[in-house]
Number of protein chains: 2
Amino acid sequence: MFRGPRRLGHMSAGPAESERRSGPLLQHLARRMLLRSESALTPLGLRPRHLVALTVLRDSDGISQQGLAGTLQIDGTNVVGLLNDLEAAGLVERRRSPEDRRRHVVSLTAAGTKRLGEAECALADAEDDVLGALAPGERDQLYDLLRRASQGCATPCAEAAVAESPDAC
Amino acid sequence: MFRGPRRLGHMSAGPAESERRSGPLLQHLARRMLLRSESALTPLGLRPRHLVALTVLRDSDGISQQGLAGTLQIDGTNVVGLLNDLEAAGLVERRRSPEDRRRHVVSLTAAGTKRLGEAECALADAEDDVLGALAPGERDQLYDLLRRASQGCATPCAEAAVAESPDAC
DNA sequence: TAGATAGTTCGTGTAGCACCAACTATTTAT
DNA sequence: ATAAATAGTTGGTGCTACACGAACTATCTA
């Protein structure tokens, strides 16, 4: 039962169409993409999470490990292992920061940039598969939105949850 | 070393800017969203994965469990547990299909639709946090793209990987 | 000189899955 | 009618990607 019309214009409690959240869809599509990416990346010796790190590093080169932990939102101790992988493969470089010698400045190597490019080529099929319903222009649009969102919350996100908005929800 | 300009217009192997893939960014943002969603959903007795299922169910009501497994791309045996959770909470319903009585037709209950709406409200802060760099109109645009992509690969995706395209990559 | 901070290593725990086996109910093929 | 396939369920094992804690070094700051 209840397969009827979903009363779009309901007035009080029902969430208007505009109340829809991207979160669950983001997770859904990310998972689908993840599954297809794994096999595509294996020949390159990379895991999806490595690609995420490399992608983030391309946009924020010279970040500290702590900064990377903040951006990726994973624990610092796990960043170590992730970077160990990438550095062992010669894709990233850890250099001591001249200003604060406790810090490691992480950056892509030339090989890392190259490998990232190869990986993106290898992901073409996966993307065709998952985003097949979108026209090429729309995919560009999507990429643009994702990238801007990603850069926008580069680091500061972590403690912004205090803002008290009188949301009508 | 090699911090110099990244030779964007390189001619042969280097991936043009247009070769960028959404996959890694999708994963990145999905993770950020996931982390914030967990705490927001706890008071509602839901996990992020439940929200994904409910969201998918809203768009493909009356799907079979196998169909759901295909859409979510998780093993059928795990779908059982997921639906057990949701059914125990009264949010979804399993009815035997009249045409094929082996099948369970899964659909949102009224309570499920309501809870999903509440959850979407609860996710407002998380979304503000993660998609804060996007203007409201852009968020709508993003949602629209994600949803269309999601519906586009509803089920058939699984075995489409055979298409042989002469990609120049 | 003492304490904080960045990174490292090791170790434990957990959630979300995949995957296998065995079973029931039901449908389809022979 | 009987066999084989299919949808779902249950229970179990194992893996991966993390979180989180403890202990340590090097370095910076008070």
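Every chain is numbered from 1 and lettered A, B, ... according to where its sequence line falls, protein lines coming before strand lines. What you see is a predicted model; the values in this text were computed from it and never measured.
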| query | Using 4.0 Å as the upper bound for N to carboxylate O, is an ion pair formed by Arg58(B) and Glu120(B)? | reply | yes
| message | Quick check on the hydrophobic clustering: are Ile74(A) and Leu91(A) connected, directly or via other members, by side-chain heavy-atom contacts under 4.5 Å? | response | yes
| request: Identify, between Gln65(A) and Pro98(B), the residue whose nearest nucleotide on DNA chain C lies closer to the 5' end. | output: Gln65(A)
| message | Looking at Ser60(B) and Ile63(B), would you say the former's side chain and the latter's main chain have a donor-acceptor pair under 3.5 Å? | response | no
| Atom-pair distance (CD on Gln73(A); P on dA19(D)), nearest Å | 9 Å
| field | Members of residues 41-50 of chain A that approach DNA chain D, where some heavy atom sits under 4.0 Å away | value | Arg47(A), Arg49(A)
| Over how many whole Å does the gap from Ile74(A) atom CD1 to dC20(D) atom P extend? | 12 Å
Name the atoms and distances for all side-chain donor-acceptor pairs under 3.5 Å in residues 44-55 of chain A, with sequence neighbours left out.
| from | atom 1 | to | atom 2 | distance (Å) |
| --- | --- | --- | --- | --- |
| His50(A) | ND1 | Arg47(A) | N | 2.9 |
| His50(A) | NE2 | Asp85(A) | OD2 | 3.0 |
| Thr55(A) | OG1 | Leu51(A) | O | 2.7 |

| note | Whether each nucleotide of nucleotides 21-26 of chain D has a protein heavy atom under 4.0 Å at its base (B), only at its sugar-phosphate (S) or at neither (-) is summarised, 5' to 3', as B-----
| Position toward the 5' end of DNA chain D (nearest nucleotide), Ser97(A) or Asp100(B) | Asp100(B)
| Same apolar cluster: Leu145(B) and Tyr143(A), side chain cutoff 4.5 Å | yes
| field | Salt-bridge criterion met for Glu19(B) and Arg21(B) (N-O under 4.0 Å) | value | yes
| Taking only residues at least two apart or on different chains, which pairs with a member in residues 67-77 of chain B satisfy salt bridge (Lys or Arg N to Asp or Glu O under 4.0 Å)? | none
| query | Partners of Glu87(B) by side-chain hydrogen bond (donor to acceptor under 3.5 Å, both in side chains), sequence neighbours excluded? | reply | Arg94(B)
| said: Starting from Leu41(B), can I reach Leu108(B) by hopping between I/L/V/M/F/W/Y residues whose side chains sit under 4.5 Å apart? | reply: yes
| Nearest-nucleotide 5' precedence on DNA chain C, Arg103(A) against Arg31(A) | Arg103(A)
| field | Given DNA chain D, 5'-ward residue of the pair Glu99(A) and Asn78(A), judged by closest heavy atom | value | Asn78(A)
| query | Could you state the CZ-P distance from Arg32(B) to dC18(D), rounded to the nearest angstrom? | reply | 14 Å
| query | Contact boundaries of DNA chain C with chain B (under 4.0 Å, heavy atoms), 5' to 3'? | reply | dA15(C) to dT27(C)
| Is it true that Asp144(A) and Arg20(B) have a side-chain N and a carboxylate O under 4.0 angstrom from each other? | no
| query | Going by an N to O cut-off under 4.0 Å, is there a salt bridge joining Arg36(B) and Asp125(B)? | reply | no
